[in-house]
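Okay, structure first, notes after.
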Amino acid sequence: IGVIMLFLNKALSKLIPSFHSVDEWMVVYEELLHMKDINDNTISNRLNNCRKIREVFGQRALRSITPTEITRYISNK
């Protein structure tokens, strides 16, 4: 899974400039997720994670989110 996420991150960083919002990035990510050959439960779990991330960071520009904010978000889960 980590390798897949790394691949997606690199691919998307080339497709979507960092000035776009998390919401805009999620639209592309969710489309790619549905194209992957993974089971329905995995897709459901990832979409649920996307929903939670959108609630916190949705309108924010990607480049405005700091590693510290991500760490705090993960720590509070």
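What you see is a predicted model, and the numbers here were worked out from it, not measured in a lab.
Nearest heavy atom pair, residue Glu69 against residue Ser64, reads OE1-O, 3.5 Å. Taking all atoms of both residues into account, the shortest heavy-atom contact from Arg60 to Ile65 is NH2-CA, 3.7 Å. In plain terms, the two heavy atoms of Asn39 and Thr42 that are nearest each other are OD1-N, 2.8 Å. Of all heavy-atom pairs spanning Gly58 and Ser21, the tightest one is O-CB, 3.6 Å.
Rounded to the nearest 0.5 Å, atoms CD1 (Ile43) and CG (Asn48) are 13.5 Å apart. A distance of 11.5 Å separates CG of Leu32 from CZ of Arg46, quoted to the nearest 0.5 Å. Between the CD atom in Gln59 and the CD atom in Glu24 there is a gap of 8.5 Å [rounded to 0.5 Å].
Under the 4.5 Å side-chain heavy-atom criterion for Ile, Leu, Val, Met, Phe, Trp and Tyr, Leu33 and Val27 are members of distinct hydrophobic clusters. Residues Ile53 and Ile70 share a single hydrophobic cluster, defined by chaining ILVMFWY side chains whose heavy atoms lie under 4.5 Å apart.
For Arg51, the salt bridge (Lys or Arg N to Asp or Glu O under 4.0 Å) criterion is met by Glu55, not counting sequence neighbours.
Counting only residues at least two apart or in different chains, ring pair (Phe, Tyr, Trp, His ring centres under 6.0 Å) contacts with residues 42-67 comprise Phe57-Tyr73.
Looking at heavy atoms from C-beta onward, His34 lies in side-chain contact with Leu47 at the 4.5 angstrom threshold.
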